[in-house]
Amino acid sequence: MTSLRINGKPVKAKPGITLLELAQKQGIEIPTLCHHPALTPKGSCRLCLVEDETTGELFTSCNTYVTGGMSILTDSQRVKQARKEILELIFAQHPVDCTVCDSANYCKLRRYAADAGVQGNELPGRGEFLPVFDNNPLIHRDYSKCIGCGICVRACREIQGAGAVEFKGSGWSYRPTSSFNKTMDGSSCELCGLCVSLCPVGALIEKPPLHRGVEDKRVRTVCPYCGCGCNLELRIAGGKVIGVRADIPGSWNGPSLCAKGRYGLFFVNHPDRLTQPLRREGEDLTEISWEEAIKEIAGKIKEIIKESGPSAVGILASAKTTNEENYLIQKFARAAIGTNNVDHCARLCHSPTVAGLAGAFGSAAMTNSIGDIEEAEVILVTGSNTTVNHPVIAQAIKRAVLHRGARLLIIDPRELPLSRYATIHLKPRPGTDVAWLNSMAQTIVEESLHNKKFIQERTEGFESLVETLKKYPPEKTEKITGIPAEQLRQVARAYAQARRASIFYAMGITQHIRGTDNVRAIANLAMLCGHLGKPGTGINPLRGQNNVQGACDMGALPDFLPGYQRVDSKEAREKFRAVWGREVPSEPGLTVGEMMEATLEGKLRALLVFGENPMVTDAESSLVEDALKQLDLLVVQDIFPTETSAFAHYVLPGASFAEKEGTFTSTERRVQKLNKALEPPGTARTDGETIALLSAEMGYHIQHQPAEVMKEIATLVSTYGGIDYRRLDKGGIQWPCANPQHPGTPILHVESFPRGKGLFQPVDYQPPVESPDHKYPLILSTGRILYQYHSRTMSKRSPIDRMEPQGFLEINPTDAEKMGIRDGDAVKVSSRRGKIVSRARVSASAPAGVVFMSFHFADEAVNRLTSSARDPLAKIPEFKVSAVRVEKI
Amino acid sequence: MDNNAKRSGLMELLHDATARKGYLAEEVVEEISFQLNLPSSHIFGLASQFSELPIEKVDLLVKVCAGPCCALRGSLDLVKTLKVELSTFKGKVRVEEAYGLPYWHLPIALEVSGRGRKEKIFHAFDTGKITILKKTLLGEATKEDPAPIYALELKNFASFSKDNYSLLSVKEEGSLKHYRQQGGMSGLEKAITDSKKTRRALDQSGLADFYINHPLSEDLNRLLQFKPSDRMIICDAGSREVENGLSGMAASYNPYAVLEGMLVIMNLYGISQGAIYLPWKDIKSYKALNKCLGDLTKEGFTKDARIEIFRGPAHLACMRDIGVAAVIEGRMLGDKAAEAGFTPPRVLGKEALQVSAETLSKIPVIIQRGGANYKKSGGTALITITGKTGKSRVEEAPLSISIGELAQKRGGLSALKALHLHGSSGGPFPPERFGMKLGYRPGEGFGGTGPQVLAIGEDKCMVRWAEYLAHLSGEMCCGACIPGRNTPGAVERLLGDIASGKAKQNTMAKIASLIGTASETALCPQVRMTLKPILLAMEYFQGEFMAHVEEKSCPAGECKSKSK
Ligand code: SF4
Ligand code: SF4
Ligand code: SF4
Ligand code: FES
């Protein structure tokens, strides 16, 4: 400890802290304009000056460290005078128009000027200002107000990793800007809004400014978009969401969010919100009361059960709704209706992960944490366009590369935004993952780079793996994958020889007919090198939706009860029967796709859908449409009308994430609490309330208070055993968390695997179902884009929609030229199953022979083209490979 | 290839691209950004710091030197006039103030370039020749019009002193043998092995004391705290030479001497890596240095030492050395200058010692002739003398003579109001201070660039001069901190108020207070160094300032409308 004095008071301080930190600890405020605790201090505004009485020196407290014997004055006459003059100098080059400034109420400069009695006209002004850039739909840049603090530049470089803004010029005009002053979206900016949120003045502001006043309150909650699970605060005024803020002390994501989290949450206020139950009467939907709706729906369900048995009813739970609600939905299905026909869209994204990793380790989730990404020496990303789908995780990967010297290896058919950070990017042909994964493993074994100790102590089945691998020397698979053998060997060596190497994958691996095999091959690779159980290692499947992890954990799956307890296990069923007071059916139920097929076969008659939109998201949507039309009862609860609700007999208004309490479990197994910020519009109800009402009507009472539901979950699911709301109020907890004292588990499999030893599961390569041929010469791959989400129900009703309001077909320049297609041309895309019209985007991101479309846009419903061929085990459709033809129209 | 390795070639790529197209086109920047995996904003930001890397295509670009000598001759007004005069030019034209043009000591210096034009440097231009210049530039000159201005070949300049330490020489074709014949050190090997003697000679010479900005001894002490493999020596052989008005390093110092000096220091202090930095255009020196390095290597003098020679932009806005460091490192991260505010930068992860080519070139001679001899003579330096003294010149002068003596010898003292020493970081001194030695070190930390003496005549208004100095200060500061970014402009405007008779009673006090605050609070010493001359002007020429404030009159008659 170092002893010094601050404003005359003797204090002790830890060496290595700055004077500013010391002062803050002592409750002394020092004005700062260029400081942010998450950024390297730059010392550019010079406002945080303090005086050392012993030497008479002035220095900046944000980047001066405590030294013994100092006697610091934070507010001496000299300090005040200097600060005042610095503020005067700022205003000599800053318009004094606070009255009309959108950030006036939050502007630090204005506050400090007021404190120091600076009016802004003390010095003659330059009379010349820097330009305003109002050319982006979300971010307004007015550099006449910029004070050059550099926070945006540092934040974009150090936290976001995009480096989209940089200082330009020198002298009085030294200011940040984008390359060639381009619009932000035309640069490497990802519109994460971090810079905007940290700008201390009104130079960077959100568009459109929704509210100039001060917010009524801020409510901490969790972003409802992707599986990253960013913590944020909703800013509420006049019963509306007026903005979003991150930077909550202690949150895992600090100040980071992505474009969706920052600009995509205003859908909550949208006038399209459903507010009243609706009943189909012929072509029309007419408003009815909740009492009528519940009574009629429950009556019809009872009738169908009576006529066709409980298995004629299916329920789609939701990766968007809370853990508690998913739990209630599956409980309702199993206990009140008596069927295991409950599934949700995890089927369409990570069911192979569940199948593949459960086989290898005995549990299926991201093994490591977002927080330890930066510890890795090597990061292998495959089948994941992370920047688009998991932006805040991509930020951590970029930081690892930029600031920690990690090597990024990408194996993905498309050129990705992350590619520019990669040491090497190999581009396999779509659908050939087992081949290259096996070849990597083969190289590692052949060159004896495998971790013998780990294999010996922690795994089984190595010999049979080695046997299989013999068939996969890289030279041989080169013909299948198109990856040059030597390059693949380099990647294999880099991965194997790193002390800590992690793998990140997403739907590029799972959405294949051999998705489960792909996941198994990945597990083999990691076990081979012992890259598990340590920080910066692991297998990290990135879960797509905010609560897809939780929905799976909660047993919204046809074959698993909550906590991955198998429905065909008597013991498990008994455990649940004891709490629920009802028998649990022992036959596994139907998956999403199977429900559609069963409907067409007349076996399934009623479908209850909570917050999902299978019409847009499921493969081969013409089949889905036929099925939905054939149902005797289709009930949809959602917050907006959807393509699926268009076919519903009853549409129920749901409460959004901002209007309820509950928990989401993020991709890193972090259980995090939502808090209610607003009342739901009209008569809208939470999914939990609806379930409770329906269930009661059917004679089975269900407690739906979220805190109580969580208590029940904790008793039945051991990994959630220690989770309760009081703990969650202080921050999220990563499962497994066995009891109230357990701190949570950032890294899985440290000592052993849930199944004891890790199991090598040798797999063989099999080609995709469809290969391009004469008639359909191109491979279509589907995925997401940064500015839209899922079927766009939320994103299209937020300002973020303006960034990319239309779908497109990405096509390689060579292919485009062959077909005479130019950028922006309208094109017809057809497959064996259907055809759609889109707009061409000619881009080298797509490799030759492969076209890409996002699945967000209902009017360019790409899933009319995809095939419903499924992985035999996980039942996931092959979204990533369909043979198509593209024609100019 | 490793990204960092790719990035180290960035500066060369940018210069090459500029040379090919005449400017840095957006597509080119995007392509480089893609190839090097560097955000294009970084490249754009980097390029925007250097006028040699224009990001805009122009058909006619006229850069007018706005350094002190040219400014004294009215170059800032020339910029304004040319802007108007050239507005009829068909095509995109830009006229801009420039700093660090060669030949600035022969004011006014201009550099003309643009699409399809060979770059041309004019000097000794005077405002009377504007019509002819315009005609030439617009392509309207007739045969009868005399050639407007012509570029001088810079001759070897005369030595003022018999004690010639800089070993001027210089021929590209000069061989090692020739250098030795000229009196170059013959005992390099001995100097290297007999390190005790060498060290004594250097200590005795006092060489380290002279360069105010290069406290060699202090820097060395700091450097020695690091492992030899972490030590590096950088010779900035760029801007200083430009500031001396010379066309290239090899025109002033013998490249062998510079390299030998570097090798001696490297050996003496266990430094494994050396770098010499040259302005991009100084190809002559680049070739010469490479040749000499080859010769020395062949003779086995370089041993394990690695010396690399780099080229980059000549004029770096502020913290020149840091810019050099960043260029050597191949990338300039915006914050570098700021972070390095008070400590010399780490370059390529090593602690770097920075020495000028002038210092290095003297080392072999000092070792040969003995340190004490050097000390006794007071040493020499390349001096530029220009302004109201007749002919401008650059010469090696002994530091023991007074500035008055120098001015006397080179044109006389009559009608001189002031001698302005050390350019942007020195100050104007009135006749009562003319006895000051050329090597005078005021102690309060100004100095900086190679000594230059600018003679100011009676007809110059010192308020206007101070206003110009504030303008210059604004150009010299990188802008990374608020005092550095905003103070020069505010001071310039307040001085403008004084000059135009709009000042209030407290205006001078406010100026002093602003400069005081900036000096105490700025991120780096640059703004303090460049605003200091204004304080000196206000102190030494107080009467002239007061006449403007109180009587609204200009004794020099320059602020015409207000003069009596
Ligand atoms: S919005 Fe995000 S990516 Fe864009 S400049 Fe700001 S911090 Fe960088
Ligand atoms: S735009 Fe805002 S954050 Fe960026 S430098 Fe200017 S004032 Fe700072
Ligand atoms: S990264 Fe995901 S969780 Fe975070 S703000 Fe974006 S969409 Fe929301
Ligand atoms: S906050 Fe310390 S210098 Fe800006």
Side-chain angles (χ1 to χ4, degrees), chain A residues 33-34 40 42-47 49 57-60 78 81-86 88-90 92-93 122-127 147-150 153-154 156-157 162-182 187-189 401 419-423, chain B residues 2-4 24 26 29-30 33-34 36-50 55 316-318 333-335 337-339 341 473-494 496-497 502 510 513-514 516-518 520-523:
Chain A
L33 283 172
C34 69
T40 28
K42 186 173 173 224
S44 81
C45 75
R46 318 306 288 172
L47 210 60
L49 291 168
E57 263 181 279
L58 292 182
F59 36 62
T60 44
R78 263 180 82 207
Q81 171 61 23
R83 274 189 204 144
K84 179 158 186 276
E85 234 159 32
I86 290 170
E88 289 172 7
L89 282 167
I90 295 178
Q93 217 171 286
E122 286 78 2
L123 294 172
R126 172 169 283 273
I147 56 162
C149 69
V153 172
R154 279 174 289 151
C156 192
R157 186 194 303 152
V165 279
E166 185 52 85
F167 276 102
K168 167 183 180 284
S170 67
W172 78 273
S173 66
Y174 179 76
R175 285 302 185 289
T177 185
S178 50
S179 184
F180 288 89
N181 300 322
K182 276 185 295 204
S187 69
S188 58
C189 169
V401 173
S419 305
R420 70 153 62 226
Y421 301 84
T423 309
Chain B
D2 182 346
N3 284 339
N4 285 337
L24 264 183
E26 191 175 325
V29 169
E30 290 300 336
S33 139
F34 181 76
L36 302 193
N37 283 350
L38 257 182
S40 60
S41 65
H42 286 209
I43 302 175
F44 177 75
L46 170 66
S48 73
Q49 327 254 330
F50 309 116
I55 45 182
L316 301 155
C318 129
L333 302 175
D335 291 349
E339 281 161 15
S473 167
E475 293 292 336
M476 294 287 138
C477 287
C478 74
C481 74
I482 286 171
R485 189 183 326 130
N486 294 13
T487 313
V491 168
E492 185 184 351
R493 291 189 291 277
L494 289 171
D497 284 354
K502 282 187 272 180
K510 186 69 190 172
S513 157
L514 285 173
T517 300
E520 273 192 324
T521 63
L523 185 59

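Chain identifiers are assigned alphabetically (A, B, ...) following the order of the sequence lines, protein sequences preceding nucleic acid strands; residue numbering begins at 1 within each chain.
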Going from [atom1] on [X] to [atom2] on [Y], what distance comes out if it is rounded to the nearest 0.5 angstrom?
{"X": "A:Phe167", "Y": "B:His42", "atom1": "CZ", "atom2": "NE2", "value": "11.5 Å"}
{"X": "A:Asn181", "Y": "B:Ile55", "atom1": "CG", "atom2": "CD1", "value": "7.0 Å"}
{"X": "A:Glu88", "Y": "B:Leu514", "atom1": "CD", "atom2": "CG", "value": "7.0 Å"}
{"X": "B:Leu24", "Y": "A:Phe180", "atom1": "CG", "atom2": "CZ", "value": "6.5 Å"}

Can you check whether A:Glu166 reaches B:Ser48 side chain to side chain, under 4.5 Å on heavy atoms? no
Student check: side-chain heavy atoms of B:Glu520 and A:Arg46 closer than 4.5 Å: no
Which region of B:Ser473, side chain (C-beta onward) or backbone (N, CA, C, O), has a non-hydrogen atom less than 4.5 Å from a non-hydrogen atom of chain A, or is it both or neither? neither
If the threshold is 4.0 Å, N to carboxylate O, is there a salt bridge linking A:Arg126 and B:Glu492? no
Compare every heavy atom of [Y] with every heavy atom of [X], then report the nearest pair and how far apart it is.
{"X": "A:Ile86", "Y": "B:Thr521", "result": "CD1-OG1, 4.2 Å"}
{"X": "A:Pro124", "Y": "B:Asp497", "result": "CG-OD2, 4.3 Å"}
{"X": "A:Ser179", "Y": "B:Val29", "result": "OG-CG1, 4.5 Å"}
{"X": "A:Thr177", "Y": "B:Phe44", "result": "CG2-CE2, 3.8 Å"}
{"X": "B:Arg485", "Y": "A:Gly171", "result": "CG-O, 3.3 Å"}

By a 4.5 Å heavy-atom criterion (distance strictly below it), what part of [X] contacts chain B: side chain, backbone, both, or neither?
{"X": "A:Gln81", "result": "side chain"}
{"X": "A:Leu123", "result": "side chain"}
{"X": "A:Leu49", "result": "side chain"}
{"X": "A:Ala164", "result": "backbone"}

Just by modelled atom types, is the A:Gly163 backbone N or O under 3.5 Å from a matching donor or acceptor in the B:Ser41 side chain? yes
Using a cut-off of under 4.5 Å on heavy-atom pairs, state which of A:Arg78, A:Glu122, A:Glu57 scores highest against chain B. A:Arg78
